[in-house]
Structure formats: structure tokens, C-alpha cells
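First listed ligand is number 1; within each ligand, the first listed atom is number 1.
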Amino acid sequence: MDTRKRRERRLVSGIGVSGGCAAGPLFFLNRAEAESIDPEESLPASPAEEWERLAKALETVKEELGLLAERTQASVGEEEAGIFRIHAMLLEDEDLLDAFREEILRKGKSAEDALEAGVDRFSAILGALDDPYLAARTADLADLATQVRRALRGRSSSHGTALPYPCLLVAEDLSPSETILLDRTSLLGLVTLRGTPSSHTAILARAMGIPALVNVGSLDPLYDGETALLDAVAETLLLAPTEEEELAFLERVERERRIAREHEAYLHALGDRPAVTQSGRRILIYANIGDGSEVESALAGGAEGIGLLRSEFLYLGLGELPSEETLFHAYADVVLRMGDKRTVIRTLDAGADKQLPYLGLPQEENPALGMRAIRICLARREMFKTQLRAILRASALGRLAVMLPMIVSPAEVRACRELLDECMRELTAEGKVFDQNLEFGIMIETPAAALQARELAEQVDFFSVGTNDLLQYTLAADRQNPLLAQLCEENREPVLRLIGEAADAIHEKGGWIGVCGEMAADLRLTQRLLALGVDELSVAPPYLLSLRRRVTECE
Ligand code: PEP
Ligand code: MG
């Protein structure tokens with residue numbers, strides 16, 4: 001039974017980044033440590049009872065790790081699932097268990113204190129050994145200790161995948177790697193203290209169709225577990241509502257769900273008819289996805305292709321660089337399921353807000369202006385070639401296209417083309433098949449690329465405009481900074497003009513141009529984008545049907 005006292009009713013506001021509303025208990029991710037701990041909690045019971053508590057918590061975490069390993073094996077691969085299996089084995093280490101036993105049974109400490117002391121002692125021993133592999137396990141131990149501490153409080157692991165109950169998740173901000181591990185089945189809604197509408201959390205929330213509110217400022221962790229009503233349209237979160245408010249809200253949620261279902265049915269009635277404007281222009285409606293798990297919703301929404309596969313999401317979910325085999329299987333899965341529909345794989349766009357710690361890159365003052373995306377790939381050629389080889393091999397299985405992010409110069413494109421050709425030669429020598437005419441494109445995400453669109457168009461088959469970054473770099477306005485969200489909203493004109501120039505340049509060379517940034521999903525801009533000559537619009541799966549309908553209304 002929940003014995004927590006009800007907290008004070010409070011209304012907080014933020015920025016709604018995806019539609020809808022949801023009600024449920026709040027769950028604070030990674031905030032357990034900030035909770036005020038009941039002093040009673042740290043008073044030890046009898047040593048036997050404390051040992052039993054700790055043993056039970058260890059078992060719980062091991063079970064969660066087992067589940068996580070199974071999920072990872074199914075969605076990513078055996079090699080990656082091994083990380084969680086090793087973590088589970090660490091919790092069975094006899095020396096570690098001896099350390100816990102000694103702290104509790106001999107020194108009479110509580111389970112929590114014994115956990116901390118035992119892990120500290122064991123980490124010190126590992127750290128002192130002259131073995132980098134074992135020394136690296138101390139970081140794993142610290143992570144595991146956090147999970148066991150949560151289990152001792154009757155909570156589930158902080159791994160993110162195992163949300164303890166259907167909840168409104170509260171996080172400071174979510175990194176894309178945390179997001180990828182979220183248990184989507186228990187996620188009713190998302191609340192972040194920071195973040196902006198074009199942050200990756202927001203993009204993901206939209207993709208998952210989850211009501212989300214970002215940038216709420218601060219939330220007292222004492223509200224953890226408390227009921228809240230999230231209204232992403234009104235951009236509010238009501239904490240500890242009265243019973244009447246909760247009831248009225250739930251009725252509203254039900255009513256809106258019914259209307260949404262009717263709307264969906266109406267849109268589905270459009271059937272598989274292609275999106276054709278009033279003047280007879282055929283526009284391609286594609287989907288943006290992060291991995292294979294979203295292919296189904298893309299196809300259900302009538303996607304005619306994948307316009308942006310954010311390939312870095314796979315890298316973010318791992319603790320080390322994926323192998324060519326891992327990448328090949330992930331791409332093959334998507335390509336095979338898309339059949340004869342085009343899939344555009346964007347090459348690794350790491351850096352900025354999507355850091356891969358295992359690359360060991362130096363810290364930067366301004367990461368969004370630093371080593372990111374193609375800059376990293378050109379500096380780590382072997383890593384890049386691994387990805388290009390995997391893409392090429394998957395191209396034999398369907399209709400693939402490759403696309404380079406964050407391009408600023410024709411020289412970068414040439415260097416990438418040379419690497420792609422080198423990979424083609426290697427694969428040919430190895431007797432491996434691939435699409436010799438693999439479509440080759442770039443993202444227009446920097447003013448430099450838009451301004452050199454004519455030269456760049458000579459080298460590629462298509463452009464796809466990343467308006468999130470193009471807006472950020474054109475307006476010199478950090479896409480993560482909530483104070484600048486309004487400025488970005490009000491100043492899209494310069495970006496629209498750049499899109500027009502890029503469209504003219506690529507059309508002159510017989511290529512095509514798409515838009516895959518968030519502006520593609522803004523129905524107020526559809527008419528303008530089409531007038532500028534855009535051939536393809538790529539959006540998160542929940543927006544596909546309404547975009548298709550909007551296109552049919554345009555001239
Ligand atoms: C963009 O910048 O608009 C884009 C589609 O890429 P991302 O949002 O992943 O940076
Ligand atoms: Mg981008």
C-alpha cells in the first residue's frame with residue numbers, strides 16, 4: 001500500500017511538444033538520489049532481515065538485467081545483450097557478496113550502507129589491479145549500485161527500459177541513449193525539466209505519439225509517485241489533482257481518444273492513394289524513424305518510404321562501436337520490411353547532443369559547432385567505412401539510399417564519395433553484392449551547404465533539408481535553448497529562402513529534394529514548401545496521414 005502523504009495541488013506549465021493528454025503517477029528518472037530519505041529508512045533492522053532485503057534487491061536487479069538482455073538481443077543483437085549479462089554476473093561475484101555479508105552480518109550495517117561500503121571496497125580492489133578491463137568494471141559497479149538502491153526502495157531499475165508502472169516519466173532531460181532504452185509500453189507521457197520542441201526528446205516523443213511537455217523548469221522530487229494530469233495541448237501539468245479534476249480529465253482523455261479514432265478512420269479512408277496536389281503534382285510522403293521498431297508504424301501511416309533513418313540511434317544504445325555485422329543486420333531488417341519502397345539511411349550523426357562516450361573525443365566548448373556528424377566520420381575513416389560497408393551490403397536487399405549529414409563543402413562530399421567507392425571496390429574483391437547505383441545524397445543543414453547548392457548538386461542525386469539544424473545555424477540560435485524557441489518560430493523566412501535556392505539547384509541537375517526536419521510536419525508551411533519545389537516530405541509516423549491530407553488540399 002502507498003503510505004506516502006498526498007502532496008499539495010499545483011499547476012505547472014511548459015512547452016507542449018506533441019498533442020494529447022495523459023493521466024498517471026509521476027516517475028522521476030534518475031532522481032532517486034535527490035529524494036529526501038526517510039531517516040527511518042537507514043536505521044538497520046536485524047542483520048538477518050537486512051541481509052534478506054539486500055539479497056532480494058540483488059535478485060530483482062538480476063532479473064531486470066536478464067529481461068533487458070533479452071530485449072536487447074531481440075532488437076539489437078547478441079553481442080550488445082552481453083553487456084547486461086556481464087552486469088548480472090558482477091552481482092553474483094563471491095568477493096562482492098562477501099563484502100556485503102561482512103558489512104551487514106559482522107558490522108551490523110543497514111542494507112543501503114552495506115551496499116555503499118561493499119561497492120566502495122570492491123571498486124577500490126578492482127581499481128588497484130593493473131588491469132584496464134577490471135578497472136573499467138568499477139563504472140559498471142557504480143551504475144549497478146544505483147539500480148540496487150532503487151530496488152531496495154521497492155522501485156525498478158533506473159535502466160530506463162523497465163519503468164516500474166505505467167507512468168508519466170519525469171526527467172531533467174533525456175539523452176537520446178536514455179530514450180532509446182525507454183520501455184515504451186509503460187510510458188503514458190513525458191515531462192522534462194529542460195529541453196525544447198526541436199530537441200531529440202521532443203522528436204522522439206512525437207515519433208512515439210506520446211503526450212509530452214518540455215522545459216517545465218523544476219519539479220519537486222517529492223511528487224514522485226503522485227498522480228498528475230498532463231495536457232500537452234494546454235501545455236500544463238496538474239500535480240496532485242482533486243478527485244473531481246482527475247475524473248473530469250479522464251473523461252476528456254476518453255472523449256479525445258474517440259475523436260482521434262474517428263479522425264484516423266477518416267484519414268485511412270484516403271487509402272493508399274498517392275498524395276497529389278490540386279494542380280496534379282505528386283508529392284512523396286516519407287517517414288522519419290530511429291530504428292526498425294518504427295517501421296511498422298511508418299507503414300501503418302502509409303509511408304511511401306523512409307526519408308530519414310537516424311542511424312546514430314543504434315550507436316547510442318551501445319557501450320562500444322557496433323560491428324559491420326550488427327549494422328548490416330539492423331539495416332537489412334528495415335530494408336527488407338520496406339520492400340520496394342525507398343529507405344534513406346543517414347550516416348552517423350554523432351556529436352553535439354548525441355555524444356558517444358566510447359569514441360573518446362575531447363570535451364568541447366561549443367559541441368554544436370564542433371566535431372559532429374560527417375566531421376567525426378572523416379576523422380575516423382575506419383569507423384565510417386564499417387558503416388558504409390554495412391549500408392552497401394544491405395543495399396543488395398532492397399531500395400536503399402545513403403545520405404550525409406552536416407555537410408559544409410564540396411570537398412567533404414568528395415572525400416565521402418571516395419570512401420564509398422573504396423568500400424565498393426573492397427566488397428567487389430570479396431565477392432559481396434551491393435547496389436552499384438546506390439543513390440547518394442546529402443543533408444542541407446548548414447547555410448554553407450545551401451549557399452553552395454549548385455556545386456554540391458553536381459555531386460549528388462538528392463538533397464534532404466534538415467530544417468532543425470538549418471534553422472539553428474542560420475539564426476545562430478541553439479535548438480536546445482528554450483529561451484530561443486519563439487525566435488526560431490518567428491524567423492523561418494531565411495530558411496525557407498535557402499530551401500528555395502537548394503531546390504532550384506538540384507532540379508537543374510535532375511535530382512530531387514526533400515525536407516526531413518520538423519518544419520516538414522508543420523501543416524501551416526506545407527503550401528509554401530511545395531511552392532518552393534520540394535518533392536518529398538518526411539515526418540514522424542504519427543504525422544503521416546494528416547500531412548498526406550494537407551498535401552491534397554494544396555495547389
Ligand atoms: C535536422 O537537423 O533537421 C534533422 C532532420 O536532423 P536531426 O534533427 O537529427 O539533427
Ligand atoms: Mg540535423
Side-chain angles (χ1 to χ4, degrees), residues 17-18 173-177 179-180 195-208 214 286-291 294 298 305-316 343-356 367-377 401-408 412 441-450 462-481 484-485 488-489 492 494-496 498-499 502 513-522 525 529 534 536-541 543 547:
V17 293
S18 60
D173 200 358
L174 278 178
S175 69
S177 56
T179 321
I180 209 155
T196 64
S198 61
S199 67
H200 283 93
T201 314
I203 289 172
L204 251 127
R206 272 194 287 274
M208 295 190 264
V214 300
Y286 283 7
N288 293 345
I289 62 170
D291 59 33
E294 288 176 79
I306 301 297
L308 170 64
L309 189 151
R310 288 185 161 95
S311 73
E312 58 279 1
F313 283 5
L314 175 59
Y315 289 71
L316 291 164
T343 297
V344 180
I345 299 184
R346 169 174 75 190
T347 59
L348 183 64
D349 182 16
D353 63 328
K354 292 177 283 191
Q355 293 292 336
L356 300 180
L369 301 178
M371 285 297 281
R372 67 168 285 201
I374 211 66
R375 300 171 186 181
I376 297 180
C377 289
V402 64
M403 172 164 85
L404 311 170
M406 278 294 292
I407 290 296
V408 298
E412 282 172 337
I442 59 168
M443 292 191 75
I444 301 289
E445 296 186 285
T446 63
F462 67 95
F463 288 159
S464 182
V465 186
T467 52
N468 308 332
D469 277 314
L470 189 57
L471 198 59
Q472 144 163 283
Y473 296 121
T474 304
L475 301 183
D478 181 357
R479 64 192 265 187
Q480 313 274 358
N481 186 338
L484 303 176
C488 292
E489 174 81 22
R492 285 144 155 199
V495 166
L496 289 165
L498 290 174
I499 295 175
I513 182 166
V515 174
C516 62
E518 297 305 296
M519 272 165 67
D522 187 337
L525 297 174
L529 290 171
V534 167
E536 173 250 21
L537 293 164
S538 192
V539 296
Y543 294 90
L547 177 63

### Message
If you apply the rule side chain to side chain contact (heavy atoms under 4.5 Å, CB included), what do you find for Leu308 with Met403, and how did you get there?
### Response
CA-CA 9 Å; Leu308 170 64; Met403 172 164 85; 3.7 Å; yes
### Query
Can you list the steps and then say if Glu445 with Ile407 is a side chain to side chain contact (heavy atoms under 4.5 Å, CB included)?
CA-CA 7 Å; Glu445 296 186 285; Ile407 290 296; over 6 Å; no
### Query
Between Ile444 and Leu498, is a side chain to side chain contact (heavy atoms under 4.5 Å, CB included) present by the stated rule, with each step listed?
CA-CA 9 Å; Ile444 301 289; Leu498 290 174; over 6 Å; no
What distance separates [X] [atom1] from [Y] [atom2], expressed to the nearest 0.5 Å?
{"X": "Asp349", "Y": "Leu404", "atom1": "CG", "atom2": "CG", "answer": "11.0 Å"}
{"X": "Thr347", "Y": "Ile442", "atom1": "OG1", "atom2": "CD1", "answer": "11.5 Å"}
{"X": "Ile376", "Y": "Gln355", "atom1": "CD1", "atom2": "CD", "answer": "7.0 Å"}

Heavy-atom contact under 4.0 Å between [X] and ligand 1?
{"X": "Met443", "value": "yes"}
{"X": "Arg346", "value": "yes"}
{"X": "Met519", "value": "no"}

Could you list which atoms of ligand 1 come closer than 4.0 Å to a heavy atom of [X]?
{"X": "Lys354", "answer": "9 (O)"}
{"X": "Gly517", "answer": "3 (O), 5 (C)"}
{"X": "Arg310", "answer": "4 (C), 5 (C), 6 (O), 7 (P), 8 (O), 9 (O)"}

### Message
Using a 3.5 Å cut-off on N or O atoms only, is Asn468 in polar contact with ligand 1?
### Response
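Yes; the residue has a nitrogen or oxygen that sits under 3.5 Å from a nitrogen or oxygen of the ligand.
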### Message
Using a 3.5 Å cut-off on N or O atoms only, is Thr467 in polar contact with ligand 1?
### Response
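Yes; at least one N/O pair falls below 3.5 Å.
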#### Entry: Arg479 and ligand 1 - part of the residue with a heavy-atom distance under 4.0 Å
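Near ligand 1, Arg479 shows its side chain, while the N, CA, C and O stay back.
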### Task
Could you see which bit of Leu308 sits under 4.0 Å from ligand 1, with heavy atoms only: side chain, backbone, both or neither?
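Side chain only.
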### Message
Using side chain to side chain contact (heavy atoms under 4.5 Å, CB included), reason through Phe313 and Asp291 one step at a time and then give a plain yes or no.
### Response
CA-CA 7 Å; Phe313 283 5; Asp291 59 33; 5.5 Å; no
### Task
Could you pull out the N/O/S protein atoms under 2.8 Å of the Mg ion (ligand 2), ignoring any water?
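Hits for the Mg ion (ligand 2) below 2.8 Å: Glu445 OE2, Asp469 OD2.
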#### Entry: Residues that Phe462 engages under ring-ring contact (aromatic ring centres under 6.0 Å, His included), provided they are two or more places apart
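Checked Phe462 against ring-ring contact (aromatic ring centres under 6.0 Å, His included); matches are Trp512.
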### Query
Taking only residues two or more places apart in sequence, or in another chain, which ones meet Ala521 in a side-chain contact (heavy atoms from CB on, under 4.5 Å)?
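Ala521: side-chain contact (heavy atoms from CB on, under 4.5 Å) contacts with Val539, Tyr543.
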### side-chain contact (heavy atoms from CB on, under 4.5 Å) partners for Ala448, two or more places apart
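Per chain and number, Ala448 pairs via side-chain contact (heavy atoms from CB on, under 4.5 Å) with Val408, Thr446, Gln452.
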#### Entry: Cationic N near anionic O, under 4.0 Å, Arg479 to Asp469
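Yes.
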